[in-house]
Structure formats: structure tokens, C-alpha cells
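As C-alpha cells, the structure follows; a few thoughts come after it.
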Amino acid sequence: MNYTGPKIVTPPPGPKARVIIEKDLAMLSPSLTRTAPLVGYRAEGVYVEDIDGNVFLDFGSGIGVTGVGHRHPTVIAAVKKQLDTLVFVNSLDYYTLPQVELAEMLFKVTPGDFPKRVFYSNSGSESIDTAIKMAKWHSRRAYGVGFINGFHGRTVGAMSFTTTNLTARRGFAPLYPIGQFTPYPYCYRCLFNREYPSCDMECVGYLTDVVFKKIIAPDETAFILFEPVQGAGGYIVPPKEFFTILSDFAEKHGILLIADEVQTGYGRTGKMFASQHFGLEPDIITMSKAFANGFPAAATVARKEVMDWDGNAHEGTLNGGPVIMEAAKAVLKVIDEENVLENVRVEGDYLRSQLEELQQRYPIIGDIRGMGLMIGIELVKDEKKTPAREERDRIINAAFSKGLLLMAAGESSLRLIPPMIINRQQLDMGLTIMEDCLKEL
Ligand SMILES: Cc1ncc(COP(=O)(O)O)c(C=O)c1O
């Protein structure tokens, strides 16, 4: 495989893909809603090839999973080496070296120069459930606060704090009944119709002056769970002040801060964790997606004194298997050795500047926001900011037919989250396709 750019050899989905899709739709869960009719066959770097030989430039990296690029050679070599020695002993009952080595590496890159502990699991949702349980155990308090438009996953605990849309919740009540919700600073569509910075952060005021004064007592609240940049909700970046007010309040009342960095983590925003942009040192931090570059893995890292639960309080048979731990170690090695954070910063700035130029020419682009190589483009129909949802979906479909994988977020946003090793030329190819799609629209 020596991919040099997107290449469409047969209009996708091609004949082989159509057969697979038909069978898939008949047999797999109908809860899986696919963005595009891609049947992945092989991949490398920033490219994915489908089963009919079409090659796509990947601006989604599986929602940020293949962060250092598909099948990065260092990750693949580490996995192959581990496969030849030990695939599994369960970490409920025994110990392995890779878990300990990875913990040492993780504690160096996670925010906060204090003693920590880690709990490994297999998905972002599990890492959230771990955090929720841990915060409740440690504090012996009942409640947790989440944010409107937040996405934390699909297991019952994580889902109970997911408020991106009703389909994620409808039909599953009663959910874990401890959550209270408050507005996130979505300044482009402020719920209070105010403008930042003259708004005095009325959204945080709602939390401190309404939620914590009329609904739940701060001293009965175990945690505040937040995404430092909302992901599925539409790549929403809060003003720095938001986190200052939040963390001061939490500290004053002994409330634990849980940063969900499942999507923002691992270099995506130009720092290892997005919390670091805001000077935050969360008590608990969750990570998954890019953690092992495609192998199912997650971690919940906490202050040592917070992860103080009893033996048996929380476990999982498959957690932290040695092959996956080696993949995760290799990811950290690549990020360090290949200067990936610098690439994210430089190419992220470039991508953003090019998108801002497009915005001048295409009024459908209402807002561009994000950090590093995590950029949201909110599409609107008019000056009243009517969400251009259908147009957004048409752009995704048109891009797909031209060999570019784009993903959606929020009601009418595109999310650009390409592999963090993407180069200028590859970004330009994607931008050209995006502009063609905008023109056609
Ligand atoms: C911020 C955030 N938290 C949690 C999750 C859930 O992760 P998973 O799908 O691996 O369970 C996601 C997934 O998109 C996410 O973006």
C-alpha cells in the first residue's frame, strides 16, 4: 500500500460493499446508524481503502481513535512482539509488567504533579462509569452534575450523563438517578441570549446560584463531570474563565472534578490533555479513543487519595490485557518521538486559517471553533443561525463520493478530527474536496 491521495475507482458503495451492507443491515443491531456506506478493508496512515478498492482520505480517524494514523508501524510492531510472548492473564487475579510500565508513563503525561492511581478498562463509557463510581465511593455523597449537550457514552452510568439528544435517553428511564444538569458555555448559541464576555458567565451562575442553591446541596454533591471541549455536542470550546469559576467552586465545596478526555485526550488539542489549556488539574481524568490507536482500551486516572475504594469494589476481567497495554505504550512513544503535539498545533492552526478563508466565501459556515486538530464547523441556513442540518449531511455524502471521510457533530456541525500525523499536503487535498462540496451545495 502506497497511498498518495484519495482515489475513487467505482462509485461508493461499490458492488462488493453493497453485498456486505445488505447483510449487515439484516443482522446487526439497528441502533448502529452509519455516517456513510464505507466497508473498510485496509488502511494506512491517513487513508482508508474500502472493499471495492476506493481510497478515502480520513478526516475523522474513527472519531479520533487512530490518532497517530492507521496501523502506525511502531504500534503494530509492539503488538506483534507482545503477541509472541503473552496475550492474556487476567488482572483481577494476577500482575503484568505492561500495566505497570504504562502507569508510570501515564502519570508523567496527565495533568497534576501529585501521586496518582490508574484503573484500566475497555471503552470510554467504562472509563466514565469507573469515574462516577469512584467519586461516589470516595466522597460518600449522592449527586453528580453534568452539562447540557454533553456526551459521555452508552453504558447506564455514562448514558445517565449524556444529554446530546433524546434518542440517547428515550425508552431507558429511569436512568441512574443522581444527575443534575446545567448549561455549558455554548457561546455561539447562548441559552441566555448573552454575548461573551459581557455576559458575566451567566451559564456558570445558573449552576452556582440556581442548581446549587435550589436543587442540590454542594455538600451532597460528589462530582462535576465535564468535557473540556464538548465533542459529540458540536466541538464547543468554553471560555477559560468558565473552568476557573468551576474549579474554584468545586474546591471550596470538596466536589471532585471529573474531566472526560475520551475525545480531547491524547494530544488531539495540541497538548496531551485539553484540561492543560485551561490550567486544570482534574481529580479524575478519563481517556480512551486514541489511547491504543484502535485497540479497545481506556483508563481512568485519579489522585491517589481519591482512588481509595476497597478490594472488589470495581473490577473487569478483560481490563488491561498485555497486548493492548503495549499498544498504548507505543502510542505514547510515537507522540513523544515524532513530535506529534507540535504537528497538531501547527497543522491545526493552518487548517483553521484555511477554514476561516472559506467562511468568507461561503455564508453557510456560521462558526468555526475547536483546538488543535479538533475543529468544528457549524453550518447555518441564514443570519438567524437556523441549523443547516440537511445541508451538513449533503456535504458529508458529497465528500464521501469524492473520497473524503467527514463526520457530523451537534445539530448541524461537521467535525474535523483527522489523524494527528496528517501533513500539509493531505490537509490541502481534503480542503479542496470540502470546497468542491460547498460549491455544489
Ligand atoms: C467525550 C466522550 N466520552 C465518552 C465517550 C464514550 O466512549 P465509548 O464510545 O468508547 O464508550 C465518547 C464517545 O464518543 C466521548 O466522545
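Counting starts at 1 for both ligands and their atoms, following the listed order. We use all heavy atoms of the structure for the numbers below, so side chains are in, but hydrogens, waters and symmetry mates are not.
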Exercise for review: Check E227 against ligand 1 and report side chain, backbone, both or neither, counting heavy atoms closer than 4.0 Å.
Suggested key: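 Just the side chain.
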
Review point. In this structure, are over 12 heavy atoms from other groups packed under 6.0 Å from E356 atom CD?
Key: yes

Nearest-contact summary for [atom] - protein heavy atom, Å:
| atom | value |
| --- | --- |
| atom 16 (O) of ligand 1 | Q263 NE2, 2.9 Å |
| atom 3 (N) of ligand 1 | D260 OD2, 2.6 Å |
| atom 14 (O) of ligand 1 | K289 NZ, 2.7 Å |

Study note, to complete from the structure: In ligand 1, the atoms that come under 4.0 Å of a heavy atom of G153 are 6 (C)

Review point. H152 heavy atoms, cut-off 4.0 Å: which ligand 1 atoms fall inside?
Key: 3 (N), 4 (C), 5 (C), 6 (C)

Check your understanding: Charged N to carboxylate O below 4.0 Å: is that the case for E49 and R42?
Key ->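 A salt bridge links E49 with R42.
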
**Study point:** Ionic contact status for K81 with E326, cut-off 4.0 Å
**Key:** no

Check your understanding: Taking the six-membered ring of F243, is the NZ or CZ of K240 close enough (under 6.0 Å from the centre) and on axis enough (within 45°)?
Key ->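 Cation-pi check for K240 and F243: fails.
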
Practice item. Check whether NZ of the Lys or CZ of the Arg K385 lies under 6.0 Å from the centre of the six-membered ring of Y188 and within 45 degrees of that ring's axis. Key: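 K385 over Y188 ring: yes.
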
Exercise for review: Look only at interatomic distance and state if S125 has a nitrogen or oxygen under 3.5 Å from any nitrogen or oxygen of ligand 1.
Suggested key: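 Among all N and O atoms of S125, at least one is under 3.5 Å from an N or O of ligand 1.
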
Point to revise | Within-cut-off N or O pair, G124 and ligand 1, under 3.5 Å | key: yes

Point to revise | Note, N343 side chain near M420 side chain (heavy atom, < 4.5 Å) | key: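 They are not in side-chain contact.
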
